[in-house]
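Heads up, the thing below is written out as C-alpha cells.
One-based numbering along the sequence shown. When a ligand or atom number is given, it counts from 1 through the structure's own listing order.
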Amino acid sequence: MFTRAVFRGGWAISGSKKSLDKAQRLVTGKMTALHSSRSITVAIEGNIGSGKTTFLDHFAKTKGIEVIQEPVDMWRNVRGHNTLALMYSDPKRWSFAFQSYVQLTMLDIHTRKQKSLIRMMERSIYSAKYCFVENMHESGNMTDAEYVVLTEWFNWILANQKVQIDLIVYLKTSPEVCQQRIQQRCREEEKAIPLDYLQALHNTHEDWLTHKKFPTPAPVLVLDGDHKLSDMYSVFEENRHKILLGQNL
Ligand SMILES: Nc1ncnc2c1ncn2[C@@H]1O[C@H](COP(=O)(O)OP(=O)(O)OP(=O)(O)O)[C@@H](O)[C@H]1O
Ligand SMILES: Nc1nc(=O)c2ncn([C@H]3C[C@H](O)[C@@H](CO)O3)c2[nH]1
C-alpha cells in the first residue's frame with residue numbers, strides 16, 4: 001500500500017523501489033497531460049471602439065475557442081433599467097450603480113464553467129476597475145466613499161473567487177481612431193462621447209497595461225489597433241501562436 005502525503009504542489013509517495021518508480025511515472029504522466037490540456041483564458045482589452053469585437057469575431061471561427069463578449073445588453077436592461085444610458089446621461093449620479101453591476105456581470109463571466117480549451121473574453125473585471133472606475137474617480141464622477149466601497153468588493157472578489165486570466169491582448173488604438181469608429185458604429189448611448197473621454201480612457205489603459213500602475217494578472221501582448229481592417233486581420237494571424245499560447249488550434 002502506498003502512503004501518500006499531499007504537500008505543496010505535489011505528492012510524497014513511499015513504498016518499494018519498483019512500485020515507487022511506477023507510481024512516479026504515473027504521476028508525471030498525469031501532470032503532463034493536465035498541463036497540455038489545461039484550459040486558458042485570454043482577455044481582450046482596449047478603449048471603446050478599439051476593435052475588440054472585431055478581434056473576437058475573427059478568432060470565434062477557430063474550433064476549440066469559446067468567445068464571450070461584454071454583457072452590454074445586460075447593462076442596458078437591468079429589470080427594465082438601462083444603466084448604460086443612465087451612466088452616460090448623468091455619470092455623477094449613476095457611475096457607482098453602473099460599475100457595481102459591471103463588476104457583478106464580469107465576475108459572473110469569470111466564474112462560468114469553461115467549455116473549451118481557450119476562452120477569449122471581451123475585457124475583464126480588471127479593466128472595469130483599473131480603467132473605468134479609476135477614470136470615474138479621477139474625473140470626480142465617483143466619490144471617495146463610492147470608490148472605496150467598490151474597491152473593497154473588488155479586493156474581496158480577488159481574494160475569494162477564481163478569476164483566471166492567462167494572457168491579456170491589449171488592442172492599443174489611438175483615441176482619434178476610436179472616435180471615428182464609434183461614430184461609424186453609432187451605438188445610441190455612445191453618440192455624445194467626447195474625444196477627451198476617450199483620451200482619458202486611453203491614459204488609464206496605458207497607466208495599467210504599459211506603465212503597470214496596477215497589477216497585471218497575466219502577460220500583456222500589445223497589438224497596434226490603428227491599422228485598417230484588412231491589415232488588422234494580418235496582425236491577428238501573425239500573432240495567432242502567441243495569442244493561443246502555443247495551443248495548436
Ligand atoms: N481596423 C479597423 N478599421 C476600421 N474599422 C474598424 C476596425 N476595427 C473595427 N472597426 C469598426 O469600428 C467599430 C468598432 O469596432 P469594435 O466593435 O470591434 O470595437 P470594440 O472595441 O468592440 O468597441 P466597444 O468597446 O465599444 O465594444 C465597428 O463598427 C467596427 O466594424
Ligand atoms: N463606465 C464604464 N465602465 C465599465 O466598466 C465599462 N465597460 C464597458 N463600458 C462601456 C464602454 C462602451 O460604451 C460600452 C461597451 O464597451 O460600455 C464601460 N463603461
Side-chain angles (χ1 to χ4, degrees), residues 43-60 67-78 82-110 120-142 146-147 150-151 153-154 157 169-195 197-198 200-202 204-205 208 214 223-237:
I44 318 307
E45 300 286 2
N47 208 337
I48 305 169
S50 55
K52 299 182 298 303
T53 304
T54 304
F55 175 101
L56 291 171
D57 290 348
H58 178 74
F59 282 100
V67 162
I68 305 182
Q69 302 208 330
E70 254 183 339
V72 184
D73 290 341
M74 291 181 74
W75 306 338
R76 285 172 147 157
N77 182 4
V78 191
N82 184 339
T83 58
L84 181 67
L86 288 171
M87 183 274 294
Y88 275 124
S89 63
D90 185 353
K92 259 195 198 331
R93 169 65 184 80
W94 292 106
S95 286
F96 175 71
F98 175 69
Q99 288 305 141
S100 303
Y101 192 57
V102 168
Q103 189 155 263
L104 171 63
T105 54
M106 295 314 285
L107 174 62
D108 172 61
I109 292 171
H110 282 296
M120 288 191 177
M121 60 185 288
E122 186 177 13
R123 291 215 178 100
S124 65
I125 198 167
Y126 295 96
S127 49
K129 180 70 172 64
Y130 296 148
C131 301
F132 288 92
V133 168
E134 281 304 309
N135 168 261
M136 288 164 160
H137 185 227
E138 284 167 9
S139 57
N141 286 321
M142 187 178 285
E146 290 170 330
Y147 178 80
L150 269 176
T151 302
W153 267 110
F154 179 76
I157 288 168
V169 175
Y170 173 24
L171 267 178
K172 186 169 174 176
T173 308
S174 55
E176 295 74 11
V177 171
C178 290
Q179 186 172 50
Q180 288 159 18
R181 294 177 187 170
I182 291 167
Q183 283 158 0
Q184 165 193 343
R185 181 190 48 202
C186 55
R187 202 181 259 155
E188 188 54 36
E189 298 87 346
E190 298 169 349
K191 278 193 173 145
I193 291 181
L195 180 60
Y197 179 58
L198 296 171
L201 283 178
H202 176 76
T204 53
H205 279 80
W208 175 38
F214 299 103
L223 301 181
D224 176 357
D226 279 349
H227 299 291
K228 66 181 193 312
L229 209 46
S230 53
D231 292 349
M232 280 314 297
Y233 293 124
S234 309
V235 171
F236 297 161
E237 285 309 305

When only distance counts, is [X] in polar contact with ligand 1, meaning an N/O pair under 3.5 Å?
X	value
Gly225	no
Met232	no
Glu70	no

- Task: Tell me which part of Lys228 gets within contact of ligand 1: side chain, backbone, both or neither, using heavy atoms under 4.0 Å.
- Result: backbone
Considering only protein heavy atoms, which is closest to [atom], and at what distance to one decimal place?
atom	value
atom 7 (N) of ligand 2	Glu70 OE2, 3.3 Å
atom 10 (C) of ligand 2	Tyr88 OH, 3.9 Å
atom 3 (N) of ligand 1	Leu229 N, 3.4 Å
atom 3 (N) of ligand 2	Gln99 OE1, 2.3 Å
atom 12 (C) of ligand 2	Glu190 OE2, 3.2 Å
atom 12 (O) of ligand 1	Arg181 CB, 3.2 Å

Atoms of ligand 1 less than 4.0 Å from [X] heavy atoms?
X	answer
Ile48	25 (O), 26 (O)
Lys52	18 (O), 19 (O), 20 (P), 21 (O), 22 (O), 23 (O), 24 (P), 25 (O)
Glu122	22 (O), 27 (O)
Asn47	21 (O), 25 (O)
Glu190	26 (O)

On the 0 to 90° scale, with breaks at 30° and 60°, tag the [X]-[Y] ring pair as parallel, tilted or perpendicular.
X	Y	result
His137	Tyr147	parallel
Phe55	Phe59	tilted
Trp208	Tyr126	parallel
Tyr170	His205	parallel
Tyr130	Phe154	perpendicular

- Has Gly49 got any heavy atom lying under 4.0 angstrom from an atom of ligand 1?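 Checking ligand 1 against Gly49, which is what was asked, there is a heavy-atom contact under 4.0 Å.
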- Would you please determine whether Arg123 falls within less than 4.0 Å of ligand 1 on a heavy-atom basis?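 Checking ligand 1 against Arg123, which is what was asked, there is a heavy-atom contact under 4.0 Å.
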- Which residue from Thr54, Asp226, Leu171, Asp224 reaches closest to atom 18 (O) of ligand 1 through any of its heavy atoms? Thr54
- Check: Trp75 N/O within less than 3.5 Å of ligand 2 N/O: no
- Query: Side chain or backbone of Met87 under 4.0 Å from ligand 2, or both, or neither, by non-hydrogen atoms?
  - Reply: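 For Met87, only side-chain atoms sit under 4.0 Å from ligand 2.
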- Item | Contact partition for Leu84 relative to ligand 2, non-hydrogen atoms under 4.0 Å |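 The answer is the side chain.
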- Taking atom types as modelled and ignoring hydrogens, do the side chains of Gln69 and Thr53 form a donor-acceptor contact shorter than 3.5 angstrom? no
- Task: Tell me yes or no: between the side chains of Thr173 and Asp226, is some donor less than 3.5 Å from an acceptor?
- Result: no
- Can any side-chain N or O of Arg123 pair as donor or acceptor with the backbone N or O of Gly46 at less than 3.5 Å?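 Yes; judged by distance alone, with no hydrogens or angles, the pair exists.
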- Message: Under a 4.0 Å threshold between the charged nitrogen and the carboxylate oxygen, would Glu70 count as salt-bridged to Lys52?
- Response: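 No salt bridge links Lys52 with Glu70.
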